[in-house]
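Working notes, beginning with the structure itself.
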Amino acid sequence: MGFSWAASGPIQPIQLAGPHLAAFAGIIVLAILGGFLLLRNRLEERHSFTASTDSPSEEFVTDRERVRRLISKNGGRMKQSQIVDSVDWSKAKVSRLLAELEEDEQITKLRLGRENLVCLPGNEPTASKSPEQPKNE
């Protein structure tokens, strides 16, 4: 029994109908979607790279300056517990940093019941100032 390569008739084109057409359309849609997602990710990477190089990085800010900026952004006053919640440090580290800042007269800590109110200079509540201080301070 031999096999012959001779054409038995005219060559018929592949017909895309039914499930073949749906599969072909699905492949085209997936290729377009994949290309779109790849392009979007590359643009986001490029944008995040330029955004991170344009602004000063938080990595190079000292912990003390980070706390001062945080308090400043919150109107010059914050409860110590809010500071702990805003940073990823332990309560002990925040307490040490605040003690150092208070020692250097960069902040004032006021006891409010069981909490501390941390204030930048000039942002202390008026009731906290002693009567001996002049009114213009």
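All figures in this text were calculated on a predicted structure; none of them were measured in a lab. Basis for what follows: all heavy atoms, side chains included, without hydrogens, waters or symmetry-related copies.
Contact check on R96 versus E100 returns no salt bridge, with no Lys/Arg side-chain nitrogen under 4.0 Å from an Asp/Glu carboxylate oxygen.
The closest donor-acceptor contact from the side chain of E115 to the backbone of L112 lies at 3.5 Å or more, if one exists at all. Of the possible donor and acceptor atoms, none in the side chain of S95 sits under 3.5 Å from a partner among the backbone N and O of K91. At distances below 3.5 Å, not a single donor-acceptor pair connects side-chain atoms of R77 with backbone N or O atoms of L117. Listed for the E124 side chain is a donor-acceptor partner under 3.5 Å among the backbone atoms of G122.
In this view, N74 and L70, M78 satisfy the side-chain contact (heavy atoms from CB on, under 4.5 Å) rule, not counting sequence neighbours. For R64, the side chain to side chain donor-acceptor pair (under 3.5 Å) criterion is met by D104, not counting sequence neighbours. For R111, the side-chain contact (heavy atoms from CB on, under 4.5 Å) partners are N116, not counting sequence neighbours.
Rounding to the nearest 0.5 Å gives a distance of 12.0 Å between CG of L97 and CD of E65. Rounding to the nearest 0.5 Å gives a distance of 11.5 Å between CG of L98 and OG1 of T108.
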- Message: Apply side-chain contact (heavy atoms from CB on, under 4.5 Å) to residues I71 and R68 and explain how you reach the verdict.
- Response: CA-CA 5 Å; I71 297 168; R68 287 180 42 96; 5.8 Å; no
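For the pair C119 and L110, the tightest heavy-atom approach, listed with the atom from each and the gap, is SG-CD1, 4.2 Å. The two residues V118 and K109 have their closest heavy-atom pair at CG2-CG, 4.2 Å.
Both I32 and F24 are part of a single hydrophobic cluster, where members link through side-chain heavy atoms under 4.5 Å apart. Hydrophobic clustering (ILVMFWY, side-chain heavy atoms < 4.5 Å, transitive): I107 and W89 are in one cluster.
Side chains of D63 and K93 form a contact here, defined as non-hydrogen atoms less than 4.5 Å apart.
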